[in-house]
Asks: 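First, the structure itself, so that you have it in front of you.
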Amino acid sequence: KGQCLRRALEVARAQGARLVELRAAVALARHCRDHGRAAEARGLLDAAHAYFADRPAAAGEIAAARRLLAELPS
């Protein structure tokens, strides 16, 4: 599962599809968190969410990313 999520993240990033990238990052970050890799999850999510940091959470992906970021250790 993790490999497929990484590929989805790479493809979305290459295509400049920021919301799709964020969706893939959230899914991959959850996967990493669930497998005891919280620091990796945080790094993935921080990178994908950076573009949206100063924007309102108008899309569900942004809200989901922020909720997960709040749960992960800094």
Side-chain angles (χ1 to χ4, degrees):
K1 183 177 181 178
Q3 188 175 16
C4 292
L5 292 170
R6 284 184 198 286
R7 180 71 181 133
L9 182 62
E10 291 169 4
V11 169
R13 189 172 288 151
Q15 292 179 350
R18 293 192 187 268
L19 275 176
V20 177
E21 177 186 349
L22 188 58
R23 184 181 302 153
V26 167
L28 182 55
R30 286 180 180 144
H31 175 78
C32 290
R33 176 201 62 194
D34 293 347
H35 287 86
R37 299 189 322 261
E40 181 181 355
R42 180 76 171 184
L44 289 164
L45 207 47
D46 276 339
H49 180 264
Y51 176 81
F52 299 99
D54 295 330
R55 292 172 169 75
E61 291 88 347
I62 300 170
R66 290 181 182 166
R67 281 192 304 271
L68 186 52
L69 282 168
E71 294 173 15
L72 294 169
S74 302

Asks: Any pair with a residue in residues 45-71 that passes ring pair (Phe, Tyr, Trp, His ring centres under 6.0 Å), sequence neighbours left out, goes on the list, sorted by first then second residue, please.
Replies: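 Residue pairs with at least one partner in residues 45-71: there are none.
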
Asks: Give me each pair satisfying salt bridge (Lys or Arg N to Asp or Glu O under 4.0 Å) with a member in residues 62-74, each pair once, sequence neighbours excluded.
Replies: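 For residues 62-74: Arg33-Glu71.
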
Asks: Which atom pairs, donor and acceptor, lie under 3.5 Å between side-chain atoms of residues 14-23 and protein residues at least two apart or in another chain?
Replies:
residue : atom : partner : partner atom : Å
Glu21   : OE2  : Arg13   : NE           : 3.0
Glu21   : OE2  : Arg13   : NH2          : 3.4
Arg23   : NE   : Glu61   : OE2          : 3.0
Arg23   : NH2  : Glu61   : OE2          : 2.2

Asks: How far does CG of Leu72 sit from CZ of Arg37, to the nearest 0.5 angstrom?
Replies: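 With rounding to 0.5 Å, CG (Leu72) is 12.5 Å from CZ (Arg37).
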
Asks: With sequence neighbours excluded, tell me which residues meet salt bridge (Lys or Arg N to Asp or Glu O under 4.0 Å) with Glu10.
Replies: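 Only Arg7 meet the salt bridge (Lys or Arg N to Asp or Glu O under 4.0 Å) criterion with Glu10.
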
Asks: Connecting only ILVMFWY residues whose side-chain heavy atoms lie within less than 4.5 Å of each other, what is the rest of Leu5's hydrophobic cluster?
Replies: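 Under the 4.5 Å side-chain rule, Leu5 groups with Leu9, Leu28, Leu44.
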
Asks: Under 4.5 Å between any side-chain heavy atoms of Ser74 and Arg42, yes or no?
Replies: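 A side-chain contact under 4.5 Å exists here.
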
Asks: Can you run down the ring pair (Phe, Tyr, Trp, His ring centres under 6.0 Å) pairs that involve residues 7-44, sequence neighbours left out, and say none if there aren't any?
Replies: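 Matches after skipping sequence neighbours: His31-His35.
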
